[in-house]
Amino acid sequence: MTNDQLEWLPLSVPPQPKETQSEFFCPHCNKAAPVNADTCPHCGRPLILAAGLTEEALPEIALLERQLDIAPPPEDWFSGRGLDTPAMYDLRLQAERLYVTGGFERLICLDDINIDHYQYQLEAAQRALRDMGGRALLADEVGLGKTIEAGIVMKELIERGLAQTVLIIVPASLTWQWQEEMAAKFYEDFLVLEKLSQLSAPNSLPPKACRWIISYSRARSSAWAERLLAFEYDLLIVDEAHKLKNHRSKSYRFVDQIRKRYVLMLSATPVHNNLLELYNLITILRPGHLGTRRAFARDFIATPTALVKRRAYRRTIYSRPSVHAYLRKNRQARQEYRQKGDEAFRIVARTESLDEFLAVFLPKADAQPKAAIEEIRSLMPEGYDVVEFEGVEWRSWYRRRIDFVCRLRLRPKAKRPEPSRPDPRRRLRPQNPALVRALLREVMIRNRRSSVGVRFPPREAAIYHLTLSPPERKLYNDVTAYIREELRNVQQLPSGKRPAGGVLQLRLMTLQKQLASSPQAAVQGLEKLTAGQNDDRLNDYLALARSIEQGRKVKAVQTILEQYPHKTLIFTDYLASMRALNATLTASGFETTLFHGGLSAYERIEAVREFRNSAQVMISLRSGGEGHNLQFCRQMINFDLPWNPMIIEQRIGRIHRLGQKRKVRIFNLSVANTIEAYILELLANKIRMFELVIGELDLILGELAGQRSFESYLQEAWVGSQSEAELLQKIVELEKIITGARATYTQIRSTSDELSDILGGAES
């Protein structure tokens, strides 16, 4: 196709830790380490290289051979000594238990977990256990492995017999990912809670051992909360803990009520706008650690003097707040005071003009309330209208005072000028940073890439723009028009028939996604739809789809593999597309292996082993490579583009993660004038997801308006569009929402970095 082209995306290079000299590989763990470091940042062992030694000189270093000294056995080793009595055995067993649970100077779980041992992660786990009593806020930067640190703490507590019941609360998009990580890396089987029947009744006895994962949205609902709060948990893990920043939210109140012994809270951005958000998180961890809310705000938050407490549509300012406070607060008492006569209460001036009011009022006042007047003047340009100025003279038998009341109203839809807004960062600057730092070190661990020396290999991403063949284009356009027509009919159904319409709508949306995958996947969707509906048009579409032997995407994959002949992981969402792609590649001489949910556990292991040893290509469905180390592969093709961006990020995370040492390439197939092309445009150029560190995408999408998912926005745009032009208009509106979400996250990330710099030594 003459219009097809491969476009490499201009990705910005993420900042790397500053290095004064080149790197070399540690002789103990064979991982990269700075030359001038005294100990390896990964294994913690001392480095034998002197500062200034170049990398070329490394091969000349001869390591000493290991010597093994075998001590002779004691003389009475085989003397026939009798066995201990049961009482002595129990005493020895109790002593061993006390030995392993006495302290956390060493971790006993490291031989029972399947992870690469990074020293900063082990130290974080030890600090959380030894220094923080199992109650810690893990606030590492994105991509440094907070999940791994939490898993190490969890496994250590389990092996020491200190934790049997574990509850993990995560965003809905991460429930299955957490289940996979806990099973593959820590060999702990967790149950994802989705139905109330999975939990026992509220009044039943709590389980002796449970491993549960549940989403925020489900856990805070009344039915689930009642049952979950009935139990007491040894360990509570809260991922994306910044969702609890508001102490008035339903999620915060639910988590705060959970009875727990140990608590781990994970968040790369624990503070978004205000230090009080950090106060809320730490209060769940260790109530009272930072004092009362009012005392914390008074002692640690530097509130700007120009900050004005605003009210929605009414504003009242008193120049002398200490005078007759009781009368101002008690309406009945003030009315009684008014009735006593002019000698007790007299209005000096009442006007809607500030200058006119001041001309009458100020000469009679004891002192000019300059601060209040300046505050009033500053509110005028911000959209406030004067309702009334009222000067009041207060008299009693022992004193005379003059006071005034100013009432302002904010104009509807008034736009306040940006310069007049108080700088939100002022609320992040503690008044006593040394004391704040000391308090936070007792509950918070924050590792940064610049301090731990972690470097990710560079990433390249490309979009392969494709043009459909005439038969494929006709199939796509005709079936798309049919789906839009049927969706309009579904929306017009009476309310009593909506459940059936909902099933049909789901099938139509699935068919739309299959259309963008391959003709073979479209055949599969059309066959299911034809079986439930009697429509001659469906039979025509089915015949057309069956007549197309090879989809345009299949040919594009073959072209990529010929130009970039490396091991390649290909993701598709449909089994029919997998089979069609596998048949074409095998016929072209490529050695392939398949990975899908229908394989047994042994067959999955064999598929990964075959991919590592001989096969050039692994074609995988959505579950591809779960729990398997695929860093030996550095090239990936998104054959299908899911409407949920988190799935794409999880795919990238299979090969671009800690341990990958080579440049990673990501190819995305985009067919012109399809819904997938619009999605890819949003992800690549608006969210710019291909240059994000794994984990950042979820933080950006979490800032979408209304806390809705990206996929729900897309489905709403598609279902509500009656033409391609209307869909494009809705996509433009979605672009604005996404741009705002990314800008918000950028500010939050900057805020977190600034807070880290201010707190200085709060990082581990």
Side-chain angles (χ1 to χ4, degrees), residues 1-5 463-492 504-557 572-574 576-577 580-581 638-643 668-682 711 713-734:
M1 300 294 176
T2 57
N3 294 331
D4 296 348
Q5 61 174 344
I463 300 177
Y464 200 171
H465 299 278
L466 306 174
T467 304
L468 292 177
S469 62
E472 281 188 279
R473 174 52 63 185
K474 177 175 175 55
L475 175 66
Y476 184 89
N477 291 342
D478 292 351
V479 177
T480 298
Y482 170 83
I483 292 174
R484 282 203 172 101
E485 179 182 344
E486 290 298 312
L487 287 175
R488 288 195 297 270
N489 296 335
V490 168
Q491 293 175 349
Q492 296 172 1
L504 177 59
Q505 178 175 323
L506 179 61
R507 290 181 179 177
L508 291 172
M509 296 299 296
T510 302
L511 177 59
Q512 184 64 48
K513 297 175 183 179
Q514 291 170 325
L515 267 179
S517 178
S518 67
Q520 291 75 18
V523 167
Q524 189 178 27
L526 287 168
E527 287 177 344
K528 291 182 178 180
L529 201 60
T530 305
Q533 287 187 301
N534 186 14
D535 194 326
D536 293 336
R537 291 178 296 175
L538 291 177
N539 296 325
D540 296 337
Y541 302 149
L542 185 57
L544 176 59
R546 287 173 175 169
S547 67
I548 303 174
E549 296 182 358
Q550 187 183 77
R552 180 66 190 93
K553 283 187 174 182
V554 174
K555 182 62 177 177
V557 169
T572 179
D573 287 340
Y574 303 102
S577 298
L581 180 60
N638 281 313
F639 187 88
D640 295 325
L641 202 69
W643 291 20
N668 304 278
L669 304 186
S670 173
V671 178
N673 300 322
T674 63
I675 182 64
E676 279 193 355
Y678 305 147
I679 296 174
L680 191 56
E681 173 68 19
L682 290 175
E711 189 173 7
Y713 276 107
L714 281 177
Q715 290 184 355
E716 180 181 331
W718 177 259
V719 173
S721 302
Q722 299 184 6
S723 64
E724 202 72 13
E726 188 174 351
L727 174 61
L728 287 175
Q729 180 60 36
K730 292 183 179 296
I731 294 294
V732 171
E733 296 174 1
L734 181 55

Novice: State which residues pass side chain to side chain contact (heavy atoms under 4.5 Å, CB included) with D478; sequence neighbours excluded, sorted by chain then number.
Specialist: K474, Y541
Novice: Does V557 form a side-chain contact (heavy atoms from CB on, under 4.5 Å) with L669? I'd like the steps, not just the answer.
Specialist: CA-CA 8 Å; V557 169; L669 304 186; 3.8 Å; yes
Novice: Does any part of the side chain of I675, heavy atoms only, come nearer than 4.5 Å to the side chain of L727, both counted from C-beta?
Specialist: yes
Novice: Between I483 and W718, is any pair of side-chain heavy atoms under 4.5 Å apart?
Specialist: yes
Novice: Passes side-chain contact (heavy atoms from CB on, under 4.5 Å), L714 versus I731? Steps please.
Specialist: CA-CA 8 Å; L714 281 177; I731 294 294; 4.2 Å; yes
Novice: List the residues meeting side chain to side chain contact (heavy atoms under 4.5 Å, CB included) with Q514, not counting sequence neighbours, and say none if there are none.
Specialist: T510, L511, A521, Q524, Y574
Novice: Sequence neighbours left out, what passes side chain to side chain donor-acceptor pair (under 3.5 Å) with N539? Give chain and number order.
Specialist: none
Novice: By salt bridge (Lys or Arg N to Asp or Glu O under 4.0 Å), which residues pair with D535, not counting sequence neighbours?
Specialist: R537
Novice: By side chain to side chain donor-acceptor pair (under 3.5 Å), which residues pair with N477, not counting sequence neighbours?
Specialist: R473
Novice: Are L542 and L538 packed together at the side-chain level, in the sense that at least one heavy-atom pair is separated by less than 4.5 angstrom?
Specialist: no
Novice: With a 4.5 Å limit on heavy-atom distance, are the side chains of L529 and L508 in contact?
Specialist: yes
Novice: If the condition is salt bridge (Lys or Arg N to Asp or Glu O under 4.0 Å), which residues does E549 pass it with, not counting sequence neighbours?
Specialist: none
Novice: Under the salt bridge (charged side-chain N to carboxylate O under 4.0 Å, His left out) rule, what pairs show up with a residue in residues 723-733, not counting sequence neighbours?
Specialist: R484-E724
Novice: Listed by chain and number, what are the side chain to side chain donor-acceptor pair (under 3.5 Å) partners of E681, not counting sequence neighbours?
Specialist: N685
Novice: Please identify each residue that fulfils side chain to side chain contact (heavy atoms under 4.5 Å, CB included) with I548, with sequence neighbours left out.
Specialist: P471, E472, L475, P519
Novice: Taking the side chain as C-beta and beyond, is there a heavy-atom pair between R507 and K528 under 4.5 Å?
Specialist: no
Novice: Starting at OH of Y678, measure out to CG of L728 and round the result to the nearest 0.5 Å.
Specialist: 4.0 Å
Novice: Could you tell me whether the side chain of L466 reaches within less than 4.5 Å of the side chain of K553, counting heavy atoms only?
Specialist: yes
Novice: Go through the structure and list residues passing side chain to side chain contact (heavy atoms under 4.5 Å, CB included) with T572, not counting sequence neighbours.
Specialist: S517, S577, M578, I619, L621, F639, D640
Novice: Does E676 use its side chain to pair, donor to acceptor, with the backbone of L641 at less than 3.5 Å?
Specialist: yes
Novice: Would you say that T674 contacts L515 through its side chain, given a criterion of any heavy-atom pair below 4.5 Å between the two side chains?
Specialist: no
Novice: With sequence neighbours excluded, what pairs up with N638 under the side chain to side chain donor-acceptor pair (under 3.5 Å) test?
Specialist: R651, N668
Novice: What residue pairs, at least two apart or across chains, pass salt bridge (charged side-chain N to carboxylate O under 4.0 Å, His left out) with a residue in residues 513-527?
Specialist: K513-E711, E527-R546
